[in-house]
Amino acid sequence: GVRRDVSLAVAESVRWGAMEAVVKKAAAMLDGLAFESLYRGKGLKPGTKGMAFSMQLRAADRSLTDAEANDIRDTVVKALQAAFPGSELR
């Protein structure tokens, strides 16, 4: 499998469970999903927090290329940004 990490600045009101649901719906070939960290403080806009997670991606019949894994990550980020307006990659 291939691992991709994502860190987003999101509104303080956003919960991991809501983000997790969006990721599971958006991520093709998701084999594992783990919350990594929560960050508040320096470098973030007021009213926001940083949330990071990792995705394990796997194709049943072959190895994923870096380009395929990056495309899946980008799709997930776009879905999260649509679901949680104002969220930004960190």
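- Within the structure, no pair that satisfies the ring-ring contact (aromatic ring centres under 6.0 Å, His included) test touches residues 64-90, not counting sequence neighbours.
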Would you give me the side-chain donor-acceptor pairs under 3.5 Å for residues 7-19, sequence neighbours excluded?
residue, atom, partner, partner atom, Å
Ser7, OG, Arg90, NE, 3.3
Glu12, OE1, Arg40, NE, 3.3
Glu12, OE2, Arg40, NE, 2.9
Glu12, OE2, Arg40, NH2, 2.5
Arg15, NH1, Glu12, O, 3.2

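- Arg73 meets the salt bridge (charged side-chain N to carboxylate O under 4.0 Å, His left out) test with no other residue; sequence neighbours excluded.
- With sequence neighbours excluded, the residues satisfying side-chain hydrogen bond (donor to acceptor under 3.5 Å, both in side chains) with Thr65 are Glu68.
- The side chain to side chain contact (heavy atoms under 4.5 Å, CB included) test applied to Ala79 returns Val22, Ala26, not counting sequence neighbours.
- For the side-chain hydrogen bond (donor to acceptor under 3.5 Å, both in side chains) test, no residue two or more places apart in sequence or in another chain qualifies with Gln81.
- For Lys25, the salt bridge (charged side-chain N to carboxylate O under 4.0 Å, His left out) test picks out no residue, with sequence neighbours left out.
- A ring-ring contact (aromatic ring centres under 6.0 Å, His included) check over residues 56-79, counting only residues at least two apart or in different chains, returns nothing.
- There is no path of hydrophobic side-chain contacts, each under 4.5 Å, that joins Leu44 to Leu89.
- Not counting sequence neighbours, the partners of Asp31 by the salt bridge (charged side-chain N to carboxylate O under 4.0 Å, His left out) test are Arg58.
- Contacts of Lys24 classified as side chain to side chain contact (heavy atoms under 4.5 Å, CB included), with partners at least two apart in sequence or in another chain: Glu20, Leu30, Leu33.
- Inter-residue side-chain proximity for Ile72 and Arg4 is flagged as unmet; no heavy-atom pair is nearer than 4.5 Å.
- Heavy-atom minimum distance, Ala27 versus Val76: CB-CG2, 3.6 Å.
- Remark: Arg3 pairs with Asp5, Glu36 by the salt bridge (charged side-chain N to carboxylate O under 4.0 Å, His left out) rule, at least two apart or across chains.
- One N or O on the side chain of Thr75 and one on the backbone of Asp71 form a donor-acceptor pair closer than 3.5 Å.
- Under the rule for a side chain to side chain contact (heavy atoms under 4.5 Å, CB included), the partners of Lys42 that lie at least two apart in sequence or sit in another chain are Tyr39.
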